[in-house]
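Below: one structure, written as structure tokens.
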Amino acid sequence: MVCFCGAPACVVPCRPSISNILLYSSRNLSPGLPNAVSLTSLLLFSHFSAPKASPALYRRAHAAAAPTLREICSGSVPEHILQRAEEIGYVVPTAVQNQSLPLLLSGRDCILHAQTGSGKTLAYLLLVFSALDFNRSVVQALIVVPTRELGMQVTKVARALATMPKGYEGTRTCTVMALLDGGMLKRHRSWLKAEPPQIVVATIGSLCQMLEKHALKLEAMRVLVIDEVDFMFNSSKQVHLLRKLLTSYSAISGRQTILASATIPQHNRFVHDCVQQKWTKNDVVHVHVNPVEPMPSNLCHKFVICSRKERLQTLLYLLQKDMPKSGIVFVGEQSEKSKKLGQPPSTTLIIEFLRASYGGCLEVILLEEEMNFNARATSFSELRERGCLLVSTDIASRGFDLPQTTHIYNFDLPRSAVDYLHRAGRTGRIPFSKDKCSVTSLITKEERFVLQRFENVLMFQCEELVLESLTN
Ligand SMILES: Nc1ncnc2c1ncn2[C@@H]1O[C@H](COP(=O)(O)OP(=O)(O)OP(=O)(O)O)[C@@H](O)[C@H]1O
């Protein structure tokens, strides 16, 4: 196994004694692409509906000496998928795509370890499309995700790529099934029986039910992706099935396994375990992009010290001062004690307060675990379509891609540095953009040392905001 680190011409062997050390000189896109900002803003301006990439975009990508996605993928990914990717606006690869796609397309198992918003989804989806036999109606790729929201999002991107572009009418395409918690599993069972889809995007709970009922067959699975893999392994409920999935159902020699996350604590140990436990093949590659900078550099971190009683007013003041284009207020889970006392969760209090006092133009929307499937789906699609102010627990902190989000507020501090990184990573998600986005934590004096610990672990600096008008 080999670890590919993002620094130019740098290779970090995970376990030098048993590794094959390969030299890999990455063509890290951002530093060598002078016009990357304007080029990418052009590409991303109309997400999913961008006009077909113009020859000028190709010329500029070439001028910057970066291979295009087409150049990396042609011959492996079907032409209609590549054309569709370009129509959407995916022309120039991000650093993680640039580094991982040649390896993925050569058949290697990979651990994709790169910053939030770096484009890991497109990297593994292009591999999935390269591996499919479009003529076989059988499940060939399984993508496992931790939350319904991330599942809906991955499904949306996969379906957008699978939509036939003009000129390919009549060509056989593939179907993508979203098998998500709270969904209509009865209907999915019939669908799986009648005409199995080629790609299934699933949360572990629903997947478990389908496998127990023998409704889903995975013997023909060619690609297995576990997204947010560290989160999945941390949840004791999910870990048993996850292990089973990685070792049963399809032989690892016949399938490619991709494990992705922005955070993989003790990653050397994890890579070692993957091989030892036979979750991946022996020559699994750890693609680690930008290991010295786990946090995207275009984020500006701030904190405000205030008492718990002042927190709502402070949040309101910040919102009125910042005027976010779109923002997320992260709130901690309600404690068992507070539930037993019959108290309302903080999310409800914040929503009621903001709906009564926030006079800004953004709509205030709630997203939390307890909401039913339809209400959560509505919140999700509303948020994607236009900017709004989302009040959410940590269910929105993993994988959620809302590129227009400019501001994050930690109404309650997250439990760990890893959680801080994932919450912060919901902003600053437009690849190649240098626009500053901000993460502001509302803390008590006593919590300052916790935030300091996060700063040390994640290597970022937080600036104190002193709000004059609140103290007067
Ligand atoms: N090559 C590309 N060109 C332009 N935009 C891209 C490209 N690849 C990905 N994007 C966009 O970048 C954004 C972030 O991508 P994605 O959601 O895959 O990040 P991620 O690495 O999975 O992040 P996280 O770890 O937070 O889940 C998305 O809006 C996606 O459409």
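Computed from a predicted model, the values in this text were never measured in an experiment. Both counts, for ligands and for their atoms, begin at 1 and track the order of listing.
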Any Lys/Arg nitrogen of [X] or [Y] sitting under 4.0 Å from an Asp/Glu carboxylate oxygen of the other?
X	Y	result
D273	R269	yes
R423	D412	no
E79	R70	yes
R148	D181	no

*So, H422 and T263: side-chain donor and acceptor under 3.5 Å apart, yes or no?*
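Distance-only check passes for H422 and T263.
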*Answer with yes or no whether the side chains of N410 and Y420 bring together a donor and an acceptor at under 3.5 Å.*
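No, N410 and Y420 have no side-chain donor paired with an acceptor closer than 3.5 Å.
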_Residue portion contacting ligand 1 (non-hydrogen atoms closer than 4.0 Å) for D227_ =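 Answer for D227: neither.
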*What do we get for T116 next to ligand 1 when only non-hydrogen atoms under 4.0 Å count, side chain, backbone, both or neither?*
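Both backbone and side chain.
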*Sub-4.0 Å heavy-atom approach of H422 to ligand 1*: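 The answer is no: ligand 1 sits nowhere under 4.0 Å from a heavy atom of H422.
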*Please confirm whether G425 comes under 4.0 Å of ligand 1, counting heavy atoms of the residue only.*
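No, that is not the case, since the closest heavy atom of the residue is not under 4.0 Å from the ligand.
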*Run the side chain to side chain donor-acceptor pair (under 3.5 Å) check on T393 and E368 step by step: do they pass?*
CA-CA 6 Å; T393 56; E368 60 179 354; over 6 Å; no
Where ligand 1 meets [X] - atom numbers and elements under 4.0 angstrom, heavy-atom basis:
X	value
P403	29 (O)
S118	19 (O), 20 (P), 21 (O)
E228	27 (O)
G119	9 (C), 15 (O), 16 (P), 18 (O), 19 (O), 20 (P), 21 (O)
R426	26 (O)
T121	16 (P), 17 (O), 18 (O), 22 (O)
V92	1 (N), 2 (C), 3 (N)

*Given F400, Y90, F432, Y124, which one has a non-hydrogen atom that is nearest to atom 30 (C) of ligand 1?*
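Of the listed residues, Y90 has the closest heavy atom.
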*For atom 27 (O) of ligand 1, which candidate among G89, G399, S397, A114 holds the nearest heavy atom?*
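Comparing heavy atoms across G89, G399, S397, A114, the nearest one to atom 27 (O) of ligand 1 lies in G399.
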*Distance-only, no hydrogens or angles: does the Q238 side chain make a donor-acceptor pair with backbone N or O of G205 under 3.5 Å?*
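Judged by distance alone, no pair lies under 3.5 Å.
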*Counting only N and O atoms by type, is there a donor-acceptor contact under 3.5 Å from the side chain of Q97 to the main-chain atoms of G119?*
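Here the side-chain-to-backbone pair exists.
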*asked:* Any nitrogen or oxygen of G117, side chain or backbone, less than 3.5 Å from one on ligand 1?
replied: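 Looking only at distances, the answer is yes, because the N/O contact criterion of under 3.5 Å is met.
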